[in-house]
Amino acid sequence: MIQNCKICGVKDTKTLKYIINHKYPPKMIGFICNWPKSKRFVSDDQLKELLKIDKKRTSYVAVLVNPDDDILKKVKELPFDYYQLYDCEPQKIKTIKEKYNKKIISVVTVSEEKDVLKYKDFEDFSDVILFDSKGYHNSVSFDHNYLDKVNTKLSLMIAGNIKIEDVPNLKDKNFCIDISGGLETEGIKDINKIDKFLNSVHNLNS
């Protein structure tokens, strides 16, 4: 059964308020904090305004690509529940967790089946393992059947060019779905798509 969902790449307050106040809000909402190459990147000032909004039943996630000390110092003052870490060696993630006392989503990027097994390097200090494609902001897919080999007690999350119409095909997978581009129209978050997606996830789990 799908373990709820995460919506990533929110950039404006109207969309954020809509998601948080939805009848079936996502488990998490992610913000791109230090990857300017992404069209979903939010500046420091934007981020501070967004995070003033009461998250209610959701958790806020700082999406960070190999963060340096400067960005970690900035986000530590903000109301994030999780740090989602890309391109980080296991020891660096462990150090970040210990220093900042945040829940950790460790990202394993996948292009071929053998990549999946890297999750074992992150188990001891992660709260969630996210399997994503190597496309990052370009929304590239990978074969989610690779994850059948994963055997862990940790919560699992999947990303990588997931579309709303893919949700029914994942109903038997014990994952949290991380979606971003699939909820956009011409690069902008689409309220109608968000509503359809959140309802779809809820209906599958009902």
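- For the atom pair CD1 (I53) and NZ (K17), the distance works out to 5.0 Å, reported to the nearest 0.5 Å.
- With respect to the salt-bridge test (charged N to carboxylate O, under 4.0 angstrom), the residues K52 and E49 qualify.
- Look at K149 and E113 and you find a salt bridge, because one of the NZ, NE, NH1 or NH2 atoms lies within 4.0 Å of a carboxylate O, short of that distance.
- Counting only heavy atoms from C-beta outward, the side chains of Y24 and N4 never approach each other to under 4.5 Å.
- In summary, D44 and K74 engage in a salt bridge, as defined by a charged side-chain N under 4.0 Å from a carboxylate O.
- Under 4.0 Å is where a charged nitrogen must lie from a carboxylate oxygen, and between E184 and K39 at least one such pair does.
- Once rounded to the nearest 0.5 Å, the distance linking NZ of K189 with OG1 of T15 reads 8.5 Å.
- Here the side chains of N161 and F142 are not in contact, with every heavy-atom distance at 4.5 Å or above.
- For the atom pair S106 OG and I96 CD1, the distance stands at 9.5 Å (nearest 0.5 Å).
- Distance check: S200 OG to L170 CG gives 11.5 Å after rounding to the nearest 0.5 Å.
- No side-chain N or O of Y146 forms a donor-acceptor pair with one of D115 less than 3.5 Å apart.
- Contact check for L156 versus Y119: no side-chain heavy atoms found under the 4.5 Å cut-off.
- The existence of a salt bridge linking K173 and D148 is confirmed by a sub-4.0 Å separation between a basic side-chain nitrogen and an acidic carboxylate oxygen.
- Remark: the N205 side chain and the K171 side chain contain no N/O donor-acceptor pair separated by less than 3.5 Å.
- A salt bridge links K55 with D81: the distance from a Lys NZ or Arg NE/NH1/NH2 to an Asp or Glu carboxylate oxygen falls below 4.0 Å.
- Remark: K163 does not engage E165 in a salt bridge, criterion side-chain N to carboxylate O under 4.0 Å.
- Taken to the nearest 0.5 Å, the CZ atom of F125 stands 10.5 Å off from the CG atom of L154.
- Residues I162 and L204 share a hydrophobic cluster, clusters being chains of Ile/Leu/Val/Met/Phe/Trp/Tyr side chains in contact below 4.5 Å.
- Side-chain atoms of F80 and C33, non-hydrogen and from C-beta on, do get closer than 4.5 Å to each other.
- Taken to the nearest 0.5 Å, the CG atom of L85 stands 8.5 Å off from the NZ atom of K92.
- The shortest heavy-atom contact between K193 and L183 is O-CD2, 3.6 Å.
- A salt bridge links D127 with K97: at least one charged nitrogen is closer than 4.0 Å to a carboxylate oxygen.
- Of all the heavy atoms in I194 and I7, the pair that sits closest is CG2-CD1, 4.0 Å.
- No side-chain N or O of N199 forms a donor-acceptor pair with one of N203 less than 3.5 Å apart.
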